[in-house]
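The structure appears below as structure tokens.
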Amino acid sequence: MTASSAPRVRIAEARAHIGQTVEIAGWLYNLRKSGKIVFPIVRDGSGIIQCVGAKADLGDEPFESLKRLTQESSLIVRGVLRADERAVGGVELDVHGFSIVQRVSEEAPYPITPKEHGIEFLMDHRHLWLRSLRQHAVLRVRHEVIRAVRDYFDSNGFTLVDTPVFTPAACEGTTTLFEVDYFDDEKAYLTQSGQLYNEATAMAFGKVYCFGPTFRAEKSKTRRHLTEFWMVEPEMAYATLDDVKQVAEEMVVFVVRRVLENRRADLAVLERDVARLEAVLPPFPKISYDEAVAILQSKGSTIEWGGDLGGGDETILSEMYDRPVMVDRYPSAVKAFYMQPDPERPEVALGVDVLAPEGYGEIIGGGQRVHDLALLEQRIAAHELPREAFEWYLDLRRYGTVPHGGFGMGIERCVSWICGLEHVRETIAFPRMLYRLRP
RNA sequence: UCCUCAGUAGCUCAAUGGUAGAGCAUUCGGCUGUUAACCGAAGGGUUGUAGGUUCGAGUCCUACCUGAGGAGCCA
């Protein structure tokens, strides 16, 4: 759509075109008026810009039309870009002409006004809420996190090998799965982890990662849970727990640095204290589960050795440090069947969780996998898992088995921490949660 | 599944058991530098639903519905 021969410019690039006549295609974000002058604020997806329209320049009829334009009406404005310290972005556009693409009816005005709204209302209007500055900032940080994660693995010898979403059985047996009909009388389940398949591709490619949606039918109703979320899962052949910890640390440091480099303006919109992110440097503090339990007990937690860390326990630990903390060697009994026992202490597993600071808690879970055939068969039996379903997985231990390991990072939890949000629901365009499937 | 809290105008909220209100949004009027602009006026309500207590219920009681926060479980 063209309103004139003036070049189309995105607001994010407006500074480079000061003094030129340009056109901007977007939507009316807000409009202030003062008699014979109006200040339409236009957004185009890349930013917002204050425009200035004077009655004397536009003529009576166009001026009145612009003055009465409703919020979120789509329009194309053309005029001259001018540096002006009074404007929010430092650049203003003097409107010489405009065309309205669609005028939003005043009988049914845009529901999200530039005022406060409750979370229920905003979630019900998520499809429109995405237009707001704050949501833009969060989702741009998400984009940067995903790009950084991919760049990290792509430039460190990992091959992207994505794993299936439809799976025949549970990866871990314990958590709840979404069940779907798979043709004739067969049931399939939506994946809750690509890890088992990652172990197969790691034996084929050495270092791999998968990145995709993950589904958990747990009836969790907290600020850190979604039923559909995105997870990146690297897996490495010939890797030990220490290798896993090192890669996790490097990746987190890399991701945070990239967000600080490229998305500072968005962090400013979110009023994120960037000093907290600048502190995310190696080495991360590393403690054992034993030490974690002792620390928690000394701080009043009721945790006993042998139990898993509760949400409150994670919060206590993550608030103790200025950077993510790694907790390793959990009791084998509370961990998945594929976790490699510590050869020196079989009662603990060679697993590690990474807890983000400021109370955000677990963003990464991983560790070293059982690579011995007999031990894996024994663990499958002990967990009462259907052996037949794991024959292909056991094959990986029959044909050139090696120590290996990896981890999974929840993208939304990571973005929530980096953005300093109260809840993971804002870190994905259309969150799926217990009791929320729409829009 | 369990525990706690909430539901009043389009939105955010107020209203000792006694006439249902304000700000924003919308409409009309005013203003040539506004920054969630401002000033004046107007319209806008089956107080989540169904019962109950009471002379009288937005307010008290019961059930249900919806949502939020948390627990368990997890990334």
Side-chain angles (χ1 to χ4, degrees), chain A residues 29-41 48 50-58 63 67-68 70-72 82 84-89 92 94 104-125 129 132-133 171-172 174-177 191-195 213-233 248 307-315 334-336 353-356 360-366 407-417 422-425 427-428 433-436:
Chain A
Y29 191 75
N30 196 5
L31 183 141
R32 289 182 283 266
K33 51 183 185 281
S34 181
K36 298 184 178 65
I37 185 169
V38 291
F39 301 94
I41 297 171
I48 62 171
Q50 173 160 293
C51 304
V52 185
K55 191 173 188 174
D57 297 338
L58 292 168
F63 179 79
K67 186 175 166 183
R68 291 169 187 284
T70 41
Q71 191 189 357
E72 283 302 319
R82 171 174 46 75
D84 194 314
E85 288 180 5
R86 290 172 294 187
V88 173
E92 276 189 351
D94 287 321
V104 172
S105 159
E106 54 277 316
E107 276 81 45
Y110 187 70
I112 303 179
T113 61
K115 282 281 182 180
E116 288 171 16
H117 300 280
I119 191 63
E120 181 185 357
F121 178 81
L122 290 170
M123 288 304 299
D124 285 343
H125 295 83
W129 189 22
S132 74
L133 292 181
C171 287
E172 309 182 17
T174 54
T175 33
T176 321
L177 294 164
T191 183
Q192 59 180 359
S193 167
Q195 187 214 308
T214 300
F215 307 87
R216 302 272 169 97
E218 298 151 4
K219 296 203 168 177
S220 299
K221 186 166 166 46
T222 77
R223 68 186 67 218
R224 53 179 71 163
H225 284 90
L226 298 170
T227 54
E228 175 183 328
F229 64 97
W230 287 67
M231 187 158 66
V232 61
E233 295 176 278
D308 216 339
L309 301 187
D313 295 325
E314 279 189 11
T315 301
V334 299
K335 287 295 179 182
D353 284 351
V354 179
L355 310 182
Y360 280 91
E362 184 175 0
I363 56 170
I364 285 177
F407 64 85
M409 181 174 80
I411 293 296
E412 289 78 13
R413 284 189 181 176
C414 181
V415 173
S416 181
W417 159 52
E422 289 293 310
H423 200 297
V424 292
R425 65 187 156 214
T427 65
I428 187 166
M433 297 178 287
L434 183 63
Y435 308 134
R436 179 158 305 269

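Quick caveat, the model's predicted, so the values are computed rather than measured. Every chain is numbered from 1, with letters handed out A, B, ... down the list of sequences.
A salt bridge is defined here as a Lys NZ or Arg NE, NH1 or NH2 lying under 4.0 Å from an Asp or Glu carboxylate O, and A:D57 with A:K36 fails to meet this definition.
Atom CD of A:E107 is separated from atom P of B:rU26 by 12 Å (rounded to the nearest Å). Whole-Å rounding puts the A:K115 NZ to B:rU26 P distance at 12 Å. Residue A:R68 contributes atom CZ, which lies 15 Å from atom P of B:rA25 at whole-angstrom precision. In this structure, CG of A:L434 is placed 11 Å from P of B:rG69, rounded to the nearest angstrom. One atom, CD of A:E218, and another, C1' of B:rA71, lie 14 Å apart when rounded to the nearest Å. Look at CD on A:E106: it is 15 Å from P on B:rA25, rounded to the nearest Å. The nearest whole Å value for the distance from the CG atom in A:L309 to the P atom in B:rG72 is 11 Å. As rounded to whole Å, 16 Å separates atom P of B:rA75 from atom CZ of A:F215.
Position along RNA chain B of the nearest nucleotide to A:E314 versus A:L31 favours A:L31 as the more 5'-ward residue. Comparing A:V334 and A:Q71 along RNA chain B, the residue whose closest nucleotide (by nearest heavy atom) sits nearer the 5' end is A:Q71.
When both pairing distances are held under 3.5 Å, B:rG7 makes a Watson-Crick or G-U pair with B:rC65.
The P atoms of B:rA15 and B:rG48 are separated by 15 Å, rounded to the nearest whole Å. Comparing B:rG69 with B:rG43, their P atoms sit 39 Å apart, to the nearest whole Å. Of the C1' atoms belonging to B:rA9 and B:rA50, the separation is 24 Å, rounded to the nearest Å. Rounded to whole Å, the separation between the C1' atoms of B:rU53 and B:rU62 comes to 11 Å. One P atom belongs to B:rG44, the other to B:rA22, and the distance between them is 13 Å to the nearest Å. Rounded to the nearest Å, the gap between the P atom of B:rG10 and that of B:rA6 is 23 Å. Going from the P atom of B:rC24 to that of B:rG18 covers 28 Å, rounded to whole Å. Spacing between B:rC64 and B:rC28 at atom P, rounded to whole Å, works out to 48 Å.
Stacking between A:F229 and B:rA75 is present: the aromatic ring centre lies within less than 5.5 angstrom of the base six-membered ring centre, and the two planes differ by under 30 degrees.
A donor-acceptor contact under 3.5 Å is formed by the side chain of A:H225 with the base of B:rC74.
Taking both residues in full, the closest heavy atoms of A:R86 and A:D84 are given as N-OD1, 2.8 Å, listed atom of the first, atom of the second, then distance.
Judged by distance alone, the side chains of A:Q71 and A:T113 never bring a donor and an acceptor atom under 3.5 Å apart.
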